[in-house]
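First comes the structure, then the notes that go with it.
Fair warning: this is a prediction, and the values are worked out from it, not measured in the lab. Letters A, B, ... are given to chains in the order of the sequence lines, protein chains preceding strands, and every chain is numbered from 1.
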Amino acid sequence: MIVRASQLFLPTLRDDPADAEAASHKLLVRGGYVRQVSAGLWTYLPLGWRVHQKVVQIIREEMDAIGDQEMFAPVLTPAELWETSGRYDIPEVFKLEDRSGRRFVLPLSHEEAFTFHARELQSYKQLPQAWYHFQTKDRDEPRPKAGLLRVREFVMKDAYSFDRDEAGLDESFQKHGEAYARIFERCGLVFQRVQAESGLMGGSESEDFLAPAAAGENMLVTCENGDYAADMDVAQGVPRAPEFPPSLDAPEEIETPGANTIEKLAELLGIDDAATSKAMPVVKPDGVLVLALVRGDDRLSEDKMLSALGTDFRPATDDEIRAAFGASGGSLGPVGFKGEVVADEMLRTGQFVAGANRDGWHLRGVEAGRDYEARFADIRATKEDDACPVCGGKLRVHTAIELGHIFKLGTRYSVPLDATFLDEDGSEKPLVMGSYGIGPGRVIAAIVEQHHDANGIVWPAEVAPYDVHVVALQGAEEIALQAAEAYSADGLAVLLDDRVARPGEKFADADLIGAPIRITAGKKSLEDGKVDVRNRASGEETRLAVSELGKKA
RNA sequence: CGGGACGUAGCUCAGCCUGGUAGAGCGCCGCCUUUGGGAGGCGGAAGUCGCAGGUUCGAAUCCUGUCGUCCCGACCA
């Protein structure tokens, strides 16, 4: 196939768009791949849609390879299904009505619709089943960002598996995880498969596929030795051991004027900040105040705290703090606090400096169990330079893009939507479900984040919009066309730049667009019948006769 | 939803502080010249300065409101 640039809607831009910061955002807009319609709403222009279709095709092939069946469910979904599943009141759900007032939602994923169809599964003999589709998802995101990375409407490949039991689900889950790894490998991505936070809506277990990238929204923790990777929200790094001062038989009050941060406190007392504790009062939805306690050099992980409490929470207000402790933030501690204390595991042993619940005073020698009672849980956030829980190596933290997420849903949807089957023993059981999602648009953004240079995009071969970009310089149009035809005859997609433009402009656009191979036909070609073949990624260039071109070159 | 920034030509921006005939570069159209890394010349088209009020003889400029976009945070099946 040969496409002529002179006929193509390919609006490349010389300048970065003013509102872009992420590399993928800038380059996809500049390269004429996508355009923004409104916040979080994007049109794929011809080149962008070609890349999207390539990613879709890779996903389709790998899903089909594990036996998943492609189908297609509507976007518009009756509200009742969502009320039944309990997801109708999620703030991100777009809601609308038809002319007679019947209510609908625009799904943020299709669990309800697919579970609705799974009601037609009746016997264990039909199981397992796995179905998928590529369909538009709408989400009323509070803050779309970074071009294609977080949008309000996008195509998602979402798959749903239906098994008779947990063992079957484990198998389906594993199969999909392996297919996902193959998909991202074929897309040329560097990624990590990690345990993820299941979230309030999810089931029992979930895993993320994270691609390290400068513009990511997730935090990926990896070991320098490559034997540990986890999402920051659930990572269990091992912090260094504190240098404790000599132990005391009982806590001792000490005046610490102005020391309202851990930094100032450690400096004032001349101690290791890891030998202090930090108190953070939080309030549960029922109004009960709980004291979260972590080591002075640690930060509270809100996700872990959420799991430990089993409920949402918010920071306490200054008034609430004063009422409960008789002191202000900066001098708070667990000793004497009449309420629940959730302390990080790191505070289980040792004596720490803690706030005295008296402004300007602290206690040293505070020991859990002796001086206060606490429920222990892992509530500290893992941080850079923590030790790897597997090998003790150093942990590194990177920003990363969530490429895909696979969930064990269990019976989260089959029970409320009454999707059951008859098992071998004649008993009626709910289907055991998994769900598996990939956003091709986000995959594209991640590829660009990982594959670009100062001049533009450097597409991995399997997802490039065109395999070959032929630059026809003035006078060499005929030989350029021959070169294009040589590749096209081998089944490759060719972009032929036949525009009336100067060489520099064509080269710059070719670099920006990022096809793997660039062919240049110029006046030298008229003399020797050869063209320049340039590798976009390496910059290597060779001269070949037109007769030598094609897949082999 | 909290904090911040920005809305002027297709794009990137200046002008606003200190009110007085709307600007530049790139792009676009025509002609000429040039042609292996975003050339040059001449001529031309193109903006109700986001929108609505207000102040003023006069508002892109000052004030108020509102909408939009981006960034940080919260949120994120």
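Of the inter-residue distances, the one linking A/T77 atom OG1 with A/Y88 atom OH reads 12.0 Å to the nearest 0.5 angstrom.
With a 6.0 Å radius and a threshold of 12 heavy atoms from other residues, nucleotides or ligands, A/E171 has its CD atom at or below the threshold. Counting non-hydrogen atoms of neighbouring residues, nucleotides and ligands closer than 6.0 angstrom, the CZ atom of A/F116 reaches no more than 12 such neighbours. With a 6.0 Å radius and a threshold of 12 heavy atoms from other residues, nucleotides or ligands, A/E540 has its CD atom at or below the threshold.
Atom CG of A/D16 is separated from atom P of B/G10 by 20 Å (rounded to the nearest Å). The CG-P distance, from A/D497 to B/G37, rounds to 15 Å in whole Å. One can place NZ of A/K26 at 18 Å from P of B/C11, the figure rounded to the nearest angstrom.
Backbone-only contact: A/P17 has heavy atoms under 4.0 Å from sugar-phosphate atoms and none from a base. Among the protein residues, A/A508 comes within range of the nucleic acid bases, having at least one heavy atom under 4.0 Å from a base atom. Residue A/R152 is out of contact with every strand shown, counting any heavy-atom pair closer than 4.0 Å.
Counting only distance, with no hydrogens or angles, the side chain of A/R152 and the backbone of A/D140 share no donor-acceptor pair below 3.5 Å.
In this structure, A/S38 reaches the B/U69 phosphate: one of its side-chain N or O atoms is under 4.0 Å from OP1 or OP2. Dashed line: the shortest gap from a side-chain N or O of A/K145 to OP1 or OP2 of B/C72 is under 4.0 Å. For B/C72, one of the phosphate oxygens OP1 or OP2 lies less than 4.0 angstrom from a side-chain nitrogen or oxygen of A/R143.
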Annotated protein contacts, base or backbone, on nucleotides 29-36 of chain B with a non-hydrogen cut-off under 4.0 Å, one of B, S, - each | -----BBB
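Under the side-chain contact (heavy atoms from CB on, under 4.5 Å) rule, A/S435 has a single partner from A/H405, A/H110, A/R412, A/E111, which is A/E111.
Base pairing of B/C75 is not made with any nucleotide, judged by Watson-Crick or G-U wobble geometry with both donor-acceptor distances under 3.5 Å. Within the shown strands, B/C67 is the pairing partner of B/G7 under the Watson-Crick or G-U definition, both distances less than 3.5 Å. In this structure B/A59 sits in no base pair that meets the Watson-Crick or G-U test at under 3.5 Å.
Residues of residues 433-450 of chain A that place a heavy atom closer than 4.0 Å to RNA chain B do not occur.
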Hey, mind stepping through A/Y487 and A/D467 against side-chain contact (heavy atoms from CB on, under 4.5 Å) and telling me if it holds?
-> CA-CA 9 Å; A/Y487 283 104; A/D467 301 304; over 6 Å; no
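Checking B/G37, B/C71, B/G25 against the side-chain heavy atoms of A/D15 singles out B/G25 as nearest. Nearest to the side-chain atoms of A/Q36 among the listed nucleotides B/C75, B/U12, B/C70 stands B/C70.
We find that A/K383 and A/D297 are joined by a salt bridge, their nearest charged nitrogen and carboxylate oxygen being less than 4.0 Å apart. Salt bridge absent: A/R119 and A/D418 never bring a charged side-chain N and a carboxylate O closer than 4.0 Å.
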